[in-house]
Amino acid sequence: MLILMDLKTPKKQVEKIKEKITGKKCTPHEIPGASKLAIGITGPTETLNEEEFLLMDYVEEVLRVTKQYKLVSREMKPDNTVITIGNEKIGPEQLTIIAGPCSLESRDQIFDIAGELKEMGIRFLRAGAYKPRTSPYSFQGLKEKGLEYLSEVKKELGMLIVTEAKDTQTLPLISEVADIIQIGARNMQNFSLLEQVGNLPNAVLLKRGLAATVEDLLMSAEYILSQGNYNVILCERGIRTFETSTRNTLDLNAVPVIKKNSHLPVFVDPSHGIGMWDKVPPMALAAVACGADGLIIEVHYHPEQALSDGFQSLTPSNFKKLLSKLEQLAPIVNKEMNLNEHANQI
Ligand code: PEP
Ligand code: MN
C-alpha cells in the first residue's frame with residue numbers, strides 16, 4: 001500500500017501516520033519524491049483499511065500496489081532512483097562505467113590495471129577477491145589478501161571499489177572495502193545474503209541469476225530494500241538459453257522491461273552476457289542504446305594469462321576504443337558519462 005501526502009506535511013503528522021502503520025504490525029518506508037511525500041507500507045497490508053488513512057490530515061491518496069514486489073516497483077516510487085556514492089551519481093542522467101579484471105590476481109596486476117583505467121577516466125574499479133567458481137579446482141580468488149590490495153588501491157588512487165560478496169561470513173569484511181557490493185548471479189537467490197546486505201550502508205549491484213526471470217530478480221531486490229537499503233542497482237548479465245554459440249544470452253529485453261516496472265538503476269554486463277571479448281563492444285553499445293544506466297566490463301592486461309574469464313576480457317587498448325564510442329553514444333541517449341575530468345583525452 002502507498003500513502004501519498006502533501007510535500008508540506010509536518011514531520012509530526014508523518015510520524016503519527018508511521019505509528020499507526022506500525023501499530024497494525026506493518027512496516028512504513030518513507031520514499032523521497034519530487035512532487036509528493038510518500039510512505040510505502042509492507043507487511044500484512046490486507047488488514048489495513050484505506051479509509052482510515054484518507055481521513056488523516058495531509059493524506060491525499062491511498063493506493064494498493066498490485067505488483068508482488070512493492071518497494072522496488074514504480075507504482076510505489078514513480079521517480080527514478082539516483083544513488084550517490086562519494087561525488088558520484090548513478091541514475092537516469094548518467095552513464096556509469098565499472099571496469100577491471102574478473103579476478104584480483106596480484107598486487108601488481110591490480111595496481112597496473114587500476115592506474116591505466118584511472119588515466120582513461122574510470123572511477124569505478126571492479127575486481128573479485130572472492131570468486132564463486134563453477135569448479136572447486138578453479139582459482140577461488142586471493143580472498144582477504146585481495147581485499148587488502150583493493151583497500152590500498154582505493155586509498156592510493158582514489159577509485160571506488162566494486163567487489164563481490166560470496167557469502168554471509170565474509171560480507172562484513174567486504175563491506176569495509178567495497179563502495180558497491182556485487183551479489184553475483186549464483187547468489188541472486190541467497191536470501192540470507194540479500195537480507196544481510198539489506199542492513200548495510202553500501203550500495204549493491206545485484207546480478208540476475210543464470211536462470212532467473214525478471215520478476216525473480218525484482219523479488220530478490222525487494223529482499224534488500226525491505227531491510228532498509230534502497231541503494232540497489234539491478235544488473236542484466238545474460239541468462240541460460242538453448243543457444244550454445246555464446247556463453248550466455250544477453251537479455252537486453254530486460255532493460256526496458258525493468259525500467260518500466262522499477263525505479264532502480266539498471267546496468268548491463270556484456271562481458272558475461274556474451275562471453276567473447278570481440279563481441280563485448282557491440283553488446284555494450286546496444287545496452288546503452290536500449291536504456292542501460294551503466295556497464296560493468298572486464299578488462300585485463302594479458303587476457304590469455306587471466307586466472308578467470310580471460311576469453312571475455314578486453315585489453316586496455318580495446319577498452320579505450322570502446323570508451324570513445326560510448327562517449328559518442330551517451331549524449332544521443334541523454335546521458336553523461338561520469339568519467340574523471342582530469343583523465344587523458346580519449
Ligand atoms: C563476475 O562479475 O566476475 C561474475 C562472476 O559475474 P556473474 O555473477 O554475473 O557470473
Ligand atoms: Mn568474471
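Numbering of residues begins at 1 and proceeds along the displayed sequence. Atoms within a ligand are numbered from 1 in the order they appear, just like the ligands themselves. These numbers come from a predicted model, not from an experiment.
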**Item:** Donor on one side chain, acceptor on other, Asp309 and His272, under 3.5 Å
**Value:** yes

Check whether any side-chain N or O of Thr163 sits under 3.5 Å from a backbone N or O of Ala127 as a donor-acceptor pair, and report yes or no. yes

task = Say whether Lys77 and Thr81, considering side chains only, have a donor N or O and an acceptor N or O under 3.5 Å apart.
result = yes

Exercise: do Thr213 and Asp216 side chains pair donor with acceptor under 3.5 Å:
yes

Practice item. In sequence, state the C-alpha distance, the side-chain angles, and the governing distance for Val232 and Leu234, and then conclude on side chain to side chain contact (heavy atoms under 4.5 Å, CB included). Key: CA-CA 6 Å; Val232 176; Leu234 302 167; 4.3 Å; yes

- Message: Could you tell me if Thr42 and Ser226 have a donor-acceptor pair between their side chains, going purely by distance under 3.5 Å?
- Response: no

*Name the orientation class of the two ring planes belonging to Tyr223 and Phe191 (parallel below 30°, tilted from 30 to 60°, perpendicular beyond 60°).*
parallel

Practice item. Can you establish whether the number of heavy atoms outside Glu93 located under 6.0 Å from its atom CD is more than 12? Key: no

Heavy-atom contacts under 4.0 Å to ligand 1, chain-then-number order, include exactly Cys102, Arg126, Lys131, Glu164, Gln182, Gly184, Ala185, Arg186, Lys207, Arg237, His272, Glu298

Result, protein N, O or S atoms below 2.8 Å from the Mn ion (ligand 2), excl. waters, equals 4

Can you confirm whether the side chains of Gln109 and His302 place a donor and an acceptor under 3.5 Å from each other? no

